[in-house]
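Per chain, numbering begins at 1; letters A, B, ... match sequence-line order. Given the structure is predicted, the values throughout are model-derived calculations rather than measurements.
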Protein chains: 2
Amino acid sequence: MSKATIKDVARVAEVSLKTVSRVINNEPTVKEATRKKVLEAIEELRYQPDMSARNLRGNKSYAVGLVYDNPNPYYVVDVQEGVLQACRELGYSLQIHPCDAETGDIVEELSDLVRNSRLAGLVIAPPISEDDRVTDALYERGIHFVRIVSASSAPAGASPCVYVNDRAAAFAVADHLINKGHSNIAFLLGEEEHHSSGERFKGYRKALEEHGVPVRDDMVLEGSYSFDSGFQRATALLSGDTRPTAIFGCNDEIAAGALAAAKSLGLNVPGDVAIAGFENSPFSKQAQPPLTTAAQSIGDIAKQAMMLLVSELRPQAMTDGNNDRKSEFIPELIARASTDAEAR
Amino acid sequence: MSKATIKDVARVAEVSLKTVSRVINNEPTVKEATRKKVLEAIEELRYQPDMSARNLRGNKSYAVGLVYDNPNPYYVVDVQEGVLQACRELGYSLQIHPCDAETGDIVEELSDLVRNSRLAGLVIAPPISEDDRVTDALYERGIHFVRIVSASSAPAGASPCVYVNDRAAAFAVADHLINKGHSNIAFLLGEEEHHSSGERFKGYRKALEEHGVPVRDDMVLEGSYSFDSGFQRATALLSGDTRPTAIFGCNDEIAAGALAAAKSLGLNVPGDVAIAGFENSPFSKQAQPPLTTAAQSIGDIAKQAMMLLVSELRPQAMTDGNNDRKSEFIPELIARASTDAEAR
DNA sequence: CGTCAACATGACAACGTTGACTAGTTCACC
DNA sequence: GGTGAACTAGTCAACGTTGTCATGTTGACG
């Protein structure tokens with residue numbers, strides 16, 4: 001009833017401990033017939049290798065850490081789900097590690113984490129993943145990790161990463177707005193330390209430039225990825241002299257704030273002002289009207305990051321076609337009612 | 001530079017391995033002078049016991065699982081943070097386990113989890129924690145766990161738990177509405193399998209009864225803990241013949257949906273209809289107007305649950321005043337603008 | 001048919017920790 | 001001063017797995 005060990009498997013399969021071990025780790029030097037016997041015994045006993053023992057014994061480890069410093073719970077939960085799914089498939093265990101980049105020495109903290117918890121590697125989510133000071137230091141210390149970052153192409157540098165092409169997606173959103181006839185489109189930035197903010201801005205700028213629409217400095221406002229920040233900046237913009245006909249918020253929270261601002265000023269959305277967000281969060285669906293946005297499948301991205309980490313760590317472990325190292329993800333435009341009117 | 005082991009500590013402290021082990025597990029049979037020497041050596045080497053080895057060797061384990069089946073990311077992240085903080089203080093590692101109560105045999109799934117990951121116990125969050133079929137079966141299998149549940153008093157039964165007195169808090173919210181002059185207060189329920197829904201309704205009903213306000217069946221609507229469900233039910237209510245003057249949503253999402261419904265019908269909040277929610281989620285803060293709600297400190301609750309689990313598991317591990325087994329939490333009324341007007 | 005490489009399997013120690021048991025030390029009390 | 005309980009500390013094996021090395025088995029080729 002309790003735990004079946006490698007010993008039990010060996011007895012049932014009538015081979016030695018070591019042979020079972022070999023099968024589990026799919027080492028090549030096992031005869032096919034033997035391998036089959038062992039696999040049947042494993043099946044029969046519902047054997048699963050013991051993580052503690054594995055981690056203890058070898059240089060290898062079957063545990064990874066997920067590091068994040070992201071205030072958005074929707075994002076965090078999706079990333080967790082994705083990584084966890086990959087962990088289950090690959091037989092790894094996951095140690096979550098929310099942290100605060102502001103306090104203390106993150107590099108030290110993560111090094112300790114890896115050492116004390118015997119982690120094989122880390123999956124690092126933005127924005128920490130985009131802080132070169134941190135990632136460089138981790139690299140120097142010989143810690144294995146995969147980053148999830150925002151970039152328009154695979155970043156240079158040795159450390160493997162999965163990148164989200166926010167720029168291309170933001171281009172699509174801005175393009176959509178321009179095609180609706182808008183030529184005065186405000187852009188509300190997120191925190192500077194999130195690369196996604198800068199990338200999305202570049203996509204926005206590129207779309208305007210390609211259409212010959214001037215980028216006006218007074219229509220690009222700094223701030224943070226929050227409802228309040230969106231509300232405040234939109235209020236300022238919409239009660240100013242030259243009101244934009246569209247507002248592109250760097251994420252849905254900002255856009256939701258902008259929407260609330262527009263409403264509180266008695267403006268009609270999308271009639272008086274169109275609003276678009278980014279991320280396809282619940283905010284965008286639940287808003288009245290629902291917000292045009294860009295959908296990123298965070299779970300898939302995170303899962304892929306984990307796969308990538310393991311394929312770096314132990315290439316032979318990736319048996320199947322898991323080896324397709326897809327590393328670029330482009331969020332998809334989702335047009336909703338908040339931009340569904342021709343600009344006047 | 002790498003990992004210090006118990007052996008290193010023993011060498012530095014000039015004692016045997018076993019004595020160091022004793023100090024770590026604060027067993028009583030160590031002379032004070034020796035203990036001090038060892039502690040100093042531990043300090044000096046920045047020694048931390050190896051989880052893998054500990055788990056492997058003994059019957060004991062220093063890993064716990066956090067089980068949840070809750071769709072609300074804000075809730076999930078807060079629970080994680082709380083449990084994780086307790087884990088750090090107590091030297092445990094955490095294995096998160098989101099699951100889907102619908103699919104498959106949860107009891108089997110959790111049993112396997114505990115066995116395969118050598119977990120000492122589980123912290124179970126609602127709503128699974130409130131499914132007696134599941135918890136009874138786990139108890140029978142000898143699995144240790146602590147539940148976080150919604151109840152107005154410590155539930156009977158052997159398994160330890162931390163309970164949130166939603167009833168008392170909902171009473172306070174309803175009482176607040178009545179004191180504002182409302183006598184036709186609608187109540188929008190959440191999913192039935194969340195006890196919190198039933199508990200909050202009981203608090204609402206008690207408040208009405210104590211004030212001699214009749215509870216009208218047509219003002220109590222079933223549904224789910226979601227924005228959409230709130231929107232739909234509130235739309236029906238507010239466009240009906242006898243419009244309530246206040247709506248109490250079973251959580252903030254429902255309330256936010258109700259708020260959106262009221263606005264879309266051209267009603268003024270709180271002038272035409274007051275709206276209150278529950279949980280003090282970001283929805284309630286960001287709404288226009290901000291929603292009156294009840295704040296539960298989910299993190300504290302989760303942390304306490306973890307503490308309780310460990311104190312069951314190994315009483316002697318709780319050295320300090322950690323032994324205060326606080327297990328009741330009462331969310332606190334937070335009055336905001338959405339109810340800040342006298343009923344007409 | 002003998003030889004050697006290539007392949008397939010096994011024996012054994014070790015990872016870091018703790019449980020069971022043993023041995024030495026202290027101290028109260030007859 | 002002797003006795004044994006109570007206290008303190010140490011030795012050794014074991015947890016489940018894998019790395020190292022040794023051994024056994026096959027088959028190709030001269």
Fill in the blank from the handout: By nearest-nucleotide position on DNA chain D, the 5'-leaning member of A:Leu17 and B:Arg22 is B:Arg22
Fill in the blank from the handout: Assert: residue with more 5' nearest nucleotide on DNA chain D, out of B:Ala53 and B:Lys31, is B:Lys31
Problem - Ring-ring centroid check A:Tyr68 A:Tyr75, cutoff 6.0 Å - result: no
Completion exercise
One should read off an interatomic distance between A:Phe145 CZ and A:Ser129 OG, to the nearest 0.5 angstrom, of 9.5 Å
Handout entry: Sugar-phosphate, base or nothing in reach of A:Lys18, heavy atoms under 4.0 Å
Key = base
Exercise for the section: For B:Ile24 and C:dG19, give me the distance from atom CD1 to atom P, rounded to whole Å. Expected result: 12 Å
Handout entry: Residues in contact with DNA chain C, drawn from residues 40-50 of chain A - heavy-atom cutoff 4.0 Å
Key = none
Exercise for the section: Examine D:dA9: is either OP1 or OP2 under 4.0 Å from a nitrogen or oxygen in the side chain of B:Thr29? Give yes or no. Expected result: no
Practice task
Determine the interplanar angle of the B:Tyr92 and B:Tyr62 rings, folded into 0 to 90°, and report it as parallel if under 30°, tilted if 30 to 60°, perpendicular if over 60°.
Solution key: tilted
Exercise for the section: Dump the intermediate steps for side chain to side chain donor-acceptor pair (under 3.5 Å) on B:Arg118 and B:Ser61, then the final yes or no. Expected result: CA-CA 7 Å; B:Arg118 290 176 173 278; B:Ser61 153; over 6 Å; no
Completion exercise
Side-chain contact check for A:Val15: nearest option of C:dT18, C:dG10, D:dG10 is C:dG10
Handout entry: Gap between atoms CE and C1', on B:Met51 and D:dG16 respectively (whole Å)
Key = 19 Å
Exercise for the section: Compare side-chain N and O positions of A:Lys7 against OP1 and OP2 of D:dT17 and report whether any pair is under 4.0 Å apart. Expected result: no
Practice task
Report the C-alpha distance between B:Val162 and B:Arg147 in whole Å, list the side-chain angles of each, state the deciding distance to 0.1 Å, and finish with yes or no for side-chain contact (heavy atoms from CB on, under 4.5 Å).
Solution key: CA-CA 6 Å; B:Val162 166; B:Arg147 298 181 292 153; over 6 Å; no
Practice task
Nearest whole angstrom, please: distance from the P of C:dT17 to the CG of A:Asn116.
Solution key: 11 Å
Handout entry: Euclidean distance, atom CG of residue A:Leu56 to atom P of D:dA14 [Å, nearest integer]
Key = 17 Å
Exercise for the section: May I ask you to check whether over 12 heavy atoms, not counting those of A:Glu27, lie within 6.0 Å of atom CD? Expected result: yes
Problem - Among C:dT17, C:dC15, C:dG16, the one nearest B:Arg54 by side-chain distance - result: C:dT17
Exercise for the section: Test side chain to side chain donor-acceptor pair (under 3.5 Å) on A:Gln80 and B:Gln80 and set out the steps. Expected result: CA-CA 12 Å; A:Gln80 287 177 352; B:Gln80 287 177 351; 2.8 Å; yes
Practice task
Could you check whether A:Arg118 gets within reach of a base, just the sugar-phosphate, or nothing at all, counting any heavy atom under 4.0 Å?
Solution key: sugar-phosphate
Problem - Distance test, side-chain N/O of B:Ser21 to OP1/OP2 of C:dT17, below 4.0 Å - result: no
Handout entry: B:Asn55 CG - D:dG16 P separation (whole Å)
Key = 13 Å
Exercise for the section: Using whole Å, report how far NZ of A:Lys3 lies from C1' of D:dT17. Expected result: 15 Å
Handout entry: Candidate nucleotides D:dA9, C:dG19, C:dT9, ranked by approach to the side chain of B:Glu27 - the nearest
Key = C:dG19
Exercise for the section: Could you tell me whether the side chain of B:Ser297 and the main chain of B:Gly299 form a donor-acceptor pair under 3.5 Å? Expected result: no
Problem - Rounded distance in Å - CG (B:Asp8) to P (C:dC15) - result: 11 Å
Exercise for the section: Please work out if A:Ser52 contacts a base, only the sugar-phosphate, or nothing of the nucleic acid, heavy-atom cut-off 4.0 Å. Expected result: nothing
Fill in the blank from the handout: Side-chain atoms of A:Arg57 come closest, of D:dC15, C:dA8, D:dT18, to D:dT18
Completion exercise
Separation of C:dA14 atom P from A:Ile6 atom CD1, nearest Å, is 19 Å
Exercise for the section: Looking at every strand, decide which applies to A:Thr5 at a 4.0 Å heavy-atom threshold: base, sugar-phosphate, or nothing. Expected result: sugar-phosphate
